[in-house]
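Quick notes on the structure that follows.
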There are 2 protein chains.
Amino acid sequence: MADGHGASGHGGESLLYLTDEQLRQGIEAMFFAYRGFTADPDRILSGLAYGRAHHRAIHFINRAPGTTVNNLLSILGVTKQSLNRVLRTLIEDGLVESRVGRTDKRERHLYLTDAGSELEQRLSDAQRTRMRAAYRAAGPEAVAGFRTVLEAMMDPDMRRTYHKLRESGT
Amino acid sequence: MADGHGASGHGGESLLYLTDEQLRQGIEAMFFAYRGFTADPDRILSGLAYGRAHHRAIHFINRAPGTTVNNLLSILGVTKQSLNRVLRTLIEDGLVESRVGRTDKRERHLYLTDAGSELEQRLSDAQRTRMRAAYRAAGPEAVAGFRTVLEAMMDPDMRRTYHKLRESGT
DNA sequence: TTGGAATGTCAACAAGGCTGACTTATGCTG
DNA sequence: CAGCATAAGTCAGCCTTGTTGACATTCCAA
């Protein structure tokens, strides 16, 4: 672990373990791990004239079918213009369907088509495979800690969104 | 935890806890947490005509002073043209210094100037503050698990780079 | 019924990735 | 020493994906 201080055991309540060096290692771990996290889907997408933004849209439409554009916007944290460009190509290519709202005709509800679902599967299979390998290698306790820290790192708004998705998802 | 299966306890060696739903939650946690992770430095940088790419360069030059351009390239995983654009503005603005190598004059060794160090401090203070809060909230065991999973998620090359930085850093 | 709010679209621009082609300076090896 | 390899930098041009601004449509409430 090579942290230059004590408190390396697992049971310590010590508050001294948060040296700048330890925090910096966490920061770098996040950076390098995120690269791995996105690498596999990126590889698939690069052959398809799509990018990471398309992946994100497809992921969350699959996760919450029938979501409105506005809702998707707040999940993704981009401007509606930015999302729209991505969405348009997905609709043109027949991966996403946009249905006018029944009660409020201003709204568009988004669904994956069969082709869209198929791509979603391909992408998330790749990502899950890596995730599964990492989880297996690290073990259940590490996974629990991993999730706890990630959640604590989110902005409150994002944490709320994250929880809402979890409720609907299971 | 509401995962629809058993194996929710912490001590299980069960291999059944890796449902697609659990993995997807991990994926979403990564996504939302990374947003939080970059939010604070991004805010500082947006007022300064710099972006995330500048932050990364500054971070790793600070971490490994005297690094060559080539070495920085392999850490960041971008092309030299892409890095060069960023590096040029940092040098022009007097945040980074580029010294011709003493033994091999083809190489350029990169250092932060005082102004560069100052900005680095501002940026990493912001990022560390969030990290520290998350670590505190999650506790030492969770932090250990967090790091273990992140490391398992990296590509082997990145893991090697990550370890090399840790050795030099401590 | 009319004005404001919400929703979605179009256009233009910037950051920061990428490839490809090339130059310059230097190191190394036959 | 000649010639190839390596490190760095530059120019040009492309793509994705973020941004703002302007605008059309729709809903709802005063």
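Lettering follows sequence order; numbering is per chain, from 1. The analysis underlying the following values was restricted to heavy atoms, covering all of them including side chains, and did not include hydrogens, waters or symmetry mates.
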Short side-chain N/O contact to D/dT10 OP1/OP2 from B/Asn84, under 4.0 Å: yes

Test item: B/His59 side-chain N/O and B/His55 main-chain N/O as donor-acceptor pair under 3.5 Å: no

Euclidean distance, atom CD of residue A/Glu92 to atom C1' of C/dT9 [Å, nearest integer]: 13 Å

N or O in side chain of B/Asn70 less than 4.0 angstrom from D/dT6 OP1/OP2: no

Sugar-phosphate only, base, or nothing, as touched by A/Arg88 at under 4.0 Å among non-hydrogen atoms: sugar-phosphate

Parallel, tilted or perpendicular: ring planes of A/Tyr34 versus B/Tyr34, cut at 30 and 60 degrees: parallel

Touch class at under 4.0 angstrom, heavy-atom based, for B/Lys105 against every strand present: sugar-phosphate

Near-strand residues of residues 106-113 of chain A, defined as heavy-atom separation under 4.0 angstrom from DNA chain C: A/Arg106, A/Glu107, A/Arg108

Sugar-phosphate only, base, or nothing, as touched by B/Thr103 at under 4.0 Å among non-hydrogen atoms: sugar-phosphate

C/dA15 OP1/OP2 closer than 4.0 Å to side-chain N/O of B/His54: no

Result of checking A/Arg63, A/Arg147, A/Lys164 against B/Glu28 for salt bridge (Lys or Arg N to Asp or Glu O under 4.0 Å): A/Arg63

Distance below 4.0 Å between A/Ser82 side-chain N/O and D/dT17 OP1 or OP2: no

Parallel, tilted or perpendicular: ring planes of B/Phe146 versus A/Phe146, cut at 30 and 60 degrees: parallel

Distance below 4.0 Å between A/Arg56 side-chain N/O and D/dT17 OP1 or OP2: no

5′-ward residue of the pair A/Arg85/A/Ser98 relative to DNA chain C: A/Ser98

Protein-nucleotide distance (A/Leu83, atom CG; C/dC10, atom P), rounded to Å: 14 Å

Options C/dG8, C/dC22, C/dC18, nucleotide nearest the side-chain atoms of B/Val78: C/dC18

A/His109 and A/Glu97 side chains, donor-acceptor separation under 3.5 Å: no

Over-ring placement of A/Arg99 relative to A/Tyr111, 6.0 Å and 45° cut-offs: yes

Separation of C/dG17 C1' from A/Leu45 CG (nearest whole Å): 15 Å

Sequence neighbours excluded, every pair satisfying salt bridge (Lys or Arg N to Asp or Glu O under 4.0 Å) that has a member inside residues 42-52 of chain A: A/Asp40-A/Arg43, A/Asp42-A/Arg52

Distance in Å, B/His54 NE2 paired with B/Leu123 CG, rounded so as to fall on 0.5 Å steps: 11.5 Å

Gap between atoms CZ and C1', on A/Arg43 and C/dC18 respectively (whole Å): 16 Å

Distance, rounded to the nearest Å, where A/Arg102 contributes CZ and D/dT26 contributes C1': 18 Å

Atom pair distance, as rounded to whole Å: CG in A/Leu90 and P in C/dG8: 16 Å

d(CG, B/Asp42; P, D/dT19) in whole Å: 11 Å

D/dG18 phosphate, OP1 or OP2, under 4.0 Å from A/Thr79 side-chain N/O: no

Sugar-phosphate only, base, or nothing, as touched by B/Thr68 at under 4.0 Å among non-hydrogen atoms: sugar-phosphate

Residue whose closest nucleotide on DNA chain D lies nearer the 5' end, A/Lys80 versus B/Gln81: B/Gln81

Sugar-phosphate, base or nothing in reach of A/Gly101, heavy atoms under 4.0 Å: nothing

Protein-nucleotide distance (B/Leu87, atom CG; C/dG17, atom P), rounded to Å: 12 Å

